[in-house]
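Small disclaimer: the values here were computed from a predicted structure and weren't measured. A note on names: the letters A, B, ... follow the listed sequences, proteins ahead of strands, and every chain is numbered from 1.
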2 protein chains.
Amino acid sequence: MSEPELLPLLDSLPTERRDAARNRELLLDAAQGLVERHGPHSVTMDAVAAAAGVGKGTVFRRFESREGLMAAVLNHSETEWQAQVMSGAPPLGPGADPWDRLLAFGRSRLETTLLHAEMIREAGRAGMRSFAAYSFVAMHTRYLLAELGVTGDLPILATALLAPLEAPILDQQVTIEGFPLERVYAGWVDLARRIVGRDADPPESF
Amino acid sequence: MSEPELLPLLDSLPTERRDAARNRELLLDAAQGLVERHGPHSVTMDAVAAAAGVGKGTVFRRFESREGLMAAVLNHSETEWQAQVMSGAPPLGPGADPWDRLLAFGRSRLETTLLHAEMIREAGRAGMRSFAAYSFVAMHTRYLLAELGVTGDLPILATALLAPLEAPILDQQVTIEGFPLERVYAGWVDLARRIVGRDADPPESF
DNA sequence: AGCCTAAACGGACCGCGGTCCGTTTCGTAT
DNA sequence: ATACGAAACGGACCGCGGTCCGTTTAGGCT
């Protein structure tokens with residue numbers, strides 16, 4: 001008999017060999033561990049290979065480059081964060097009204113980005129989060145803007161609203177210019193207000 | 001006699017030795033030449049040292065790091081651009097009304113950044129232009145916003161307006177997402193409009 | 001169980017960024 | 001002109017990211 005797949009294609013087709021999958025896990029754990037214990041800059045490819053007990057070549061085959069590895073580690077926390085947005089408690093999650101969700105979203109994004117700033121920077125180009133990750137925040141922002149009745153070129157407008165929350169700009173403001181976090185956030189809220197077109201804070205319903 | 005300075009402190013005090021100054025010139029020219037002839041990625045520290053006919057150590061003493069060297073090369077064009085803004089022809093230079101100047105400013109910034117995108121990226125952290133360079137655009141933007149009667153936290157607002165024109169964000173939009181340049185620019189104008197508070201295009205005076 | 005091939009493995013090897021330190025040069029004071 | 005200290009020089013050296021290729025292994029087929 002030749003039934004090549006008993007379970008109807010559940011996993012991605014060019015199925016990953018068992019040892020490969022195992023090593024991917026080992027490497028990711030090793031990398032994460034190094035980050036937590038000694039900071040991102042301590043994550044050298046040799047170190048993570050040694051910590052995982054595999055050869056250096058394997059690290060590169062799995063993750064392309066050091067930046068790729070960093071991005072993969074980031075992806076972990078990013079995924080958890082996405083879950084909070086899509087199905088967590090309001091106001092970040094669904095349920096609150098769009099404006100409150102937008103504010104919570106900005107706040108959370110600000111803090112998360114700052115928290116991972118170092119790793120994002122070390123992930124270099126891929127560190128603006130893998131394209132998929134960026135797509136998610138962009139999409140969610142477009143959705144909230146649409147919900148708030150904003151008209152215009154939403155993809156571009158969403159990018160403009162997100163830009164000040166990206167790591168390099170935040171870095172500039174907080175680390176280099178020394179602006180306090182609350183001021184940066186307040187500024188972002190003001191920006192959102194201007195983009196959405198709310199005139200000052202709403203008088204809180206009735 | 002001990003008059004240590006005949007000309008009353010004209011130059012920066014810890015005066016640069018003649019050979020040092022000469023080598024700085026040689027190195028900058030060499031680097032610029034390499035960039036023009038073979039692109040930024042061809043600029044290796046050994047190559048630029050060899051091209052300038054000096055030792056590798058000298059390159060590092062003058063420019064700290066590869067990123068520093070890149071930033072120095074960038075600084076050249078940046079300075080010329082600043083001159084255009086401060087004393088060039090309108091609408092970029094002084095003379096036009098603030099709104100037109102702001103539009104010209106954004107347009108010019110967009111094009112310049114895109115032109116040097118590769119080098120900016122390779123200049124890494126220092127590539128958001130040396131702090132001095134960033135200060136200039138930030139200051140000019142604040143000035144124009146103030147001139148346009150915008151109130152609020154101008155430093156933060158200026159950053160927000162400039163952020164979508166920074167290299168990483170532009171890169172994302174143009175190179176990765178493939179948005180045409182004109183669309184990105186139009187989006188930026190719309191952003192400016194919302195921040196400044198103009199309702200649609202002004203009816204062109206009377 | 002034994003075979004066979006595609007895939008994964010691992011570590012020697014290379015180039016480049018960055019450091020270090022013994023040597024040379026500049027500029028001044030005599 | 002000479003001497004001398006500070007500053008600049010240059011290139012050997014090191015660690016790390018990334019590649020290459022000969023060897024090993026997973027896992028389907030008979």
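Nucleotide D/dC9 holds its P atom 10 Å from the CZ atom of B/Arg24, rounded to whole Å. We find that NZ of B/Lys56 is positioned 10 Å from C1' of C/dT19, with the value rounded to whole Å. Whole-Å rounding puts the A/Arg22 CZ to C/dA7 P distance at 19 Å. Atom CG in B/Asp46 sits about 17 Å away from atom P in D/dC9, given to the nearest Å. Here C/dG10 presents its P atom at 10 Å from CG of A/Leu26, a figure rounded to the nearest Å. Taking atom CZ on A/Phe63 and atom C1' on D/dC16, their separation rounds to 18 Å, with Å as the unit. Atom-to-atom, NE2 of A/His41 to P of C/dG17 comes out at 20 Å; the value is rounded to the nearest Å. In this structure, B/Met70 places its CE atom 13 Å from C1' of C/dC16, rounding to the nearest Å.
Within a 6.0 Å radius of CD in A/Glu111, other residues, nucleotides and ligands contribute more than 12 heavy atoms. Under a cut-off of 6.0 angstrom, the local environment of CD in B/Glu64 is sparse, with at most 12 non-hydrogen atoms contributed by other residues, nucleotides or ligands.
Nucleic acid contact class of B/Arg62 (heavy atoms, under 4.0 Å, all strands): sugar-phosphate only. Counting non-hydrogen atoms under 4.0 angstrom, A/Arg61 reaches a base of the nucleic acid.
For the pair B/Arg101 and B/Phe105, the cation-pi test (distance below 6.0 Å, angle within 45°) is failed. Geometrically, A/Arg109 engages A/Trp81 in a cation-pi contact defined by less than 6.0 Å to the ring centre and at most 45° from the axis.
Relative to the side chain of A/Val54, the nucleotides C/dG10, C/dA12, D/dC13 differ in distance, and C/dG10 lies closest. For A/Asp19, counting side-chain heavy atoms from C-beta on, the closest listed nucleotide (D/dG11, C/dA8, D/dG10) is C/dA8. Closest to the side chain of A/Phe60, out of D/dG18, C/dA8, C/dC16, is D/dG18. Listed nucleotides: C/dG17, C/dA8, D/dG18. Nearest to the side chain of A/Ser65: D/dG18.
Between the base of D/dA8 and the side chain of B/Arg17 there is no donor-acceptor pair shorter than 3.5 Å.
Take the nearest nucleotide of DNA chain C for B/Glu64 and for A/Asn23: the residue whose nucleotide is more 5' is A/Asn23.
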**Request:** Start with the C-alpha gap between B/Leu69 and B/Met45, add the side-chain angles, then the distance that decides, and say whether side chain to side chain contact (heavy atoms under 4.5 Å, CB included) holds.
**Result:** CA-CA 9 Å; B/Leu69 175 57; B/Met45 297 306 254; 4.0 Å; yes
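The side chain of A/Thr58 places an N or O atom within less than 4.0 Å of a non-bridging phosphate oxygen (OP1 or OP2) of C/dG10.
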